[in-house]
Amino acid sequence: FFFSSRRRHTRCREVSWARRWVQETAYNATDVQGCTNAITKEIISKLKEISTNFKYIVTCAIMQKCEGGLHVASTCFWSTSTDGNCALRWENETLYCIITVSYTHL
């Protein structure tokens with residue numbers, strides 16, 4: 001098995017369905033925890049349909065649009081021929097949503 005940009009694209013595409021959720025949702029502090037949990041579980045489910053030969057790590061951050069700032073960084077050490085990651089960001093008038101997916105071949 002060798003990792004390819006095509007496989008990376010497929011995994012990122014599986015995450016991009018969350019864009020629709022962001023476009024249709026207004027920020028609500030009481031709903032954020034449930035939303036992040038639902039989004040990450042749905043992404044893991046979709047990724048497992050593609051392949052169970054990977055370990056997946058999914059993070060989802062939802063932040064209300066306001067005057068504050070958000071800085072996020074991550075790093076990893078792995079084989080670029082078998083493992084990968086993608087990060088996607090969407091926003092609407094009330095929120096930012098940042099999703100990262102990392103996957104390592106078993």
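Hydrophobic clustering, with ILVMFWY side chains joined whenever heavy atoms are under 4.5 angstrom apart, groups Leu88 together with Leu47. Ile99 and Tyr56 fall within a single hydrophobic cluster, where Ile, Leu, Val, Met, Phe, Trp and Tyr side chains are chained together by heavy-atom contacts under 4.5 Å. By the rule that hydrophobic residues join a cluster once side-chain heavy atoms approach within less than 4.5 Å of another member, Ile62 and Ile44 end up as members of one cluster. Hydrophobic clustering of Ile, Leu, Val, Met, Phe, Trp and Tyr side chains at less than 4.5 Å, counting indirect connections, unites Trp21 with Ile43.
Shown here for Asn85 and Ser102, the closest heavy-atom pair between the two residues is CB-OG, 3.7 Å.
A 4.5 Å side-chain heavy-atom check between Lys65 and Thr94 finds every atom pair outside the cut-off. With contacts defined as side-chain heavy-atom distances shorter than 4.5 Å, the pair Arg89/Ile98 qualifies.
Put simply, the side chain of Asn53 never gets that close to the backbone of Leu106: no donor and acceptor are under 3.5 Å apart. Using modelled atom types, no side-chain atom of Thr40 and backbone atom of Val58 make a donor-acceptor pair closer than 3.5 Å. Panel note: side chain Ser45, backbone Lys41; no donor-acceptor pair is recorded below 3.5 Å.
For Glu93, the CD atom is loosely surrounded, since the number of other residues' heavy atoms within 6.0 Å does not exceed 12. Shown here is Lys55, whose NZ atom has no more than 12 heavy atoms of other residues, nucleotides or ligands within 6.0 Å.
Here the CG atom belonging to Asn37 is positioned 13.0 Å from the CD atom belonging to Glu42, to the nearest 0.5 angstrom.
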Step-by-step side-chain contact (heavy atoms from CB on, under 4.5 Å) determination, Leu95 to Cys97: CA-CA 7 Å; Leu95 64 83; Cys97 180; 4.3 Å; yes
Under the criterion side-chain contact (heavy atoms from CB on, under 4.5 Å), I'd like the reasoning laid out for Thr25 against Asp31: C-alpha separation, chi angles, the key distance, then a yes or no. CA-CA 10 Å; Thr25 304; Asp31 294 339; over 6 Å; no
Please lay out, stage by stage, how Gln23 and Asn92 fare under the test side-chain contact (heavy atoms from CB on, under 4.5 Å). CA-CA 6 Å; Gln23 292 171 342; Asn92 65 27; 5.9 Å; no
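Ring planes of Phe54 and Tyr103: perpendicular class, angle over 60° (limits at 30 and 60°).
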